[in-house]
Amino acid sequence: MSLNEMIGFVAGFGTTFAAMPDVIAMLKRRSSAGMNPTMAAIMGAFQIVWVYYGYLIDSKPVLVWNMIAVAINSLAVGAYVYFARSEKRERSPQAR
């Protein structure tokens, strides 16, 4: 592995997992409060473009970290939808 790829892997690790504290907090509190799903969805969409770019330039760090980031953002959006629906059902008059 070249020095450039090693630097890419280190940089990718930091930026990829930057969103994890918010995802973990949302899962722990089991609430969508404070989460912006639009931001996560936009980030996920553009990370898919980064995956394609990584493929085009044959860059393993760009491919690997952005595929992981797409998964993390998908988890964030999925958890948001799940918890938002649960919260809506709890507030619904029919649930009482």
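Residue numbers start at 1 and run along the sequence shown. Heavy atoms only: backbone and side chains are in, while hydrogens, waters and symmetry mates are out.
- In this structure, Thr15 contributes its side chain and Ala11 its backbone to a donor-acceptor pair below 3.5 Å.
- Residues Val64 and Tyr55 are members of separate hydrophobic clusters, defined by side-chain heavy-atom contacts under 4.5 angstrom among Ile, Leu, Val, Met, Phe, Trp and Tyr.
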For this session: Walk me through it: do Trp65 and Lys60 pass the test side-chain contact (heavy atoms from CB on, under 4.5 Å)?
Result: CA-CA 8 Å; Trp65 290 123; Lys60 290 177 188 166; over 6 Å; no

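- Linking ILVMFWY residues whenever their side-chain heavy atoms come closer than 4.5 Å, directly or via other members, places Met67 and Leu56 in the same cluster.
- Taking every heavy atom of both residues into account, Val51 and Leu63 meet most closely at O-CD2, 3.2 Å.
- When hydrophobic clusters are built by joining Ile, Leu, Val, Met, Phe, Trp and Tyr residues whose side-chain heavy atoms come closer than 4.5 Å, directly or via intermediates, Phe17 is grouped together with Val23.
- From Ile42, atom CD1 reaches atom CG of Asn73 across 11.0 Å, with rounding to the nearest 0.5 Å.
- Atoms CZ and CZ, from Arg85 and Arg89 in turn, are 8.0 Å apart once rounded to the nearest 0.5 Å.
- Hydrophobic cluster membership is shared by Ile24 and Leu75, with clusters built from Ile, Leu, Val, Met, Phe, Trp and Tyr side chains linked at under 4.5 angstrom.
- Contact check for Ser31 versus Met26: no side-chain heavy atoms found under the 4.5 Å cut-off.
- Closest approach of Ala79 and Leu27 over heavy atoms only: CB-CD2, 3.9 Å.
- Counting heavy atoms from C-beta on, the side chains of Lys88 and Phe83 never come closer than 4.5 Å.
- Residues Trp50 and Val62 come closest through the heavy atom pair O-CG1, 3.3 Å.
- The minimum heavy-atom distance linking Glu87 with Arg30 is given by the pair OE2-O, 4.2 Å.
- Residues Ile72 and Phe46 do not share a hydrophobic cluster, clusters being chains of Ile/Leu/Val/Met/Phe/Trp/Tyr side chains in contact below 4.5 Å.
- The shortest non-hydrogen separation linking Gln47 to Val70 is CB-CG2, 3.6 Å.
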